[in-house]
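Here's the structure we're looking at; comments come further down.
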Amino acid sequence: MNLDQTIRARLAPLAPSAIELADDSADHAGHAEAMRHGGGHFSLTVVSEAFMGQSRVRRHQSVYALLSDLIPGHIHALQLRTLTPDEF
Amino acid sequence: MSANDRIREQVTSNPVVLYMKGSPAFPQCGFSGAAVQMLKACGVDRFQSVDVLADPEIRQGIKEYSNWPTIPQLYVNGEFVGGADIMREMYQSGELQKMLETAKA
């Protein structure tokens, strides 16, 4: 499984109705910390009913918890949007 | 003093605290730089910034304090507000300006 597939599989507990994942690493290739860690820069949008009634912090914490062992080794930076189906 | 105690003291003794990589004048990461720009755009010129690259104990401790794995992190009136993405969403909706208005007084 590549990293893209791994990230999508990890989000399964949230039963997402949509996942948008983009690898932005090329935009940051020269950046000192990215070089040191070797991890990629990703933009991730997760759409899930599980986020209903939750604060933004709580939603992001749910996603980070599922990906925690990938940060910062595989994922150096993650631009994250968490939406309910209504907000999407 | 443990990292946790130092962080608690920092966020409760200053109304606006930004944990970031580098300094406001010389941010070492694009997300930290964006966080500084948003604070300034909200009219917050004076805020406490903490360079986590200069303090490994705080760098690790802040992730545990907020249960949040990334930098930057914004605290207003002792409360964790979020990272760069949440700041951007709140800035675009006007919520960040409102929240910081209360902290500037």
Side-chain angles (χ1 to χ4, degrees), chain A residues 3 6-7 10-11 19-48 51 54-84 86-88, chain B residues 7 11 17-23 26-35 37-38 51-56 58-100:
Chain A
L3 186 54
T6 303
I7 292 171
R10 290 294 184 83
L11 298 171
I19 296 173
E20 290 175 3
L21 179 61
D23 184 344
D24 306 326
S25 303
D27 298 340
H28 302 272
H31 159 357
E33 274 228 306
M35 311 251 300
R36 191 153 63 235
H37 285 301
H41 281 62
F42 294 88
S43 302
L44 174 64
T45 300
V46 184
V47 182
S48 168
F51 296 141
Q54 292 186 346
S55 69
R56 290 190 186 89
V57 167
R58 188 77 198 75
R59 294 175 183 191
H60 284 220
Q61 279 169 334
S62 304
V63 173
Y64 285 137
L66 297 169
L67 303 176
S68 59
D69 61 310
L70 302 174
I71 303 171
H74 296 282
I75 302 173
H76 165 68
L78 186 63
Q79 199 161 336
L80 188 57
R81 285 204 313 154
T82 49
L83 305 170
T84 63
D86 284 349
E87 294 164 345
F88 186 50
Chain B
I7 291 165
V11 301
V17 185
L18 183 69
Y19 292 86
M20 62 179 292
K21 293 180 178 175
S23 66
F26 296 102
Q28 298 297 312
C29 160
F31 297 102
S32 289
Q37 289 310 313
M38 282 187 273
D51 179 2
V52 302
L53 296 179
D55 194 331
I58 293 288
R59 182 176 187 172
Q60 184 52 38
I62 195 67
K63 298 177 182 180
E64 291 160 13
Y65 186 85
S66 53
N67 188 26
W68 194 263
T70 57
I71 309 290
Q73 296 187 16
L74 177 68
Y75 290 76
V76 175
N77 296 328
E79 294 281 328
F80 175 54
V81 175
D85 298 328
I86 289 182
M87 284 180 72
R88 185 179 301 104
E89 283 180 28
M90 291 179 70
Y91 178 68
Q92 286 167 350
S93 70
E95 288 167 81
L96 189 64
Q97 293 84 330
K98 246 181 250 168
M99 173 183 282
L100 290 167

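Proteins come first, then strands; the chains are lettered A, B, ... in the order of their sequence lines, and each starts at number 1.
- Looking at B:Q73, there are no atoms closer than 4.5 Å to chain A (heavy atoms on both sides), in backbone or side chain.
- Contact between B:V81 and A:V57 at its shortest, heavy atoms only, is O-CG2, 3.1 Å.
- For a residue to count as touching a neighbouring chain, one of its non-hydrogen atoms must lie under 4.5 Å from one of that chain's; by this rule A:R81 touches chain B with backbone and side chain alike.
- Interface residue A:L80: backbone and side-chain heavy atoms are both found under 4.5 Å from chain B.
- Of the inter-residue distances, the one linking A:L78 atom CG with B:D85 atom CG reads 7.5 Å to the nearest 0.5 angstrom.
- To the nearest 0.5 angstrom, A:Q79 atom CD is 11.0 Å from B:T70 atom OG1.
- Interface with chain B: from residues 60-68 of chain A, residues A:H60, A:Q61, A:Y64 qualify, criterion being any non-hydrogen pair under 4.5 Å.
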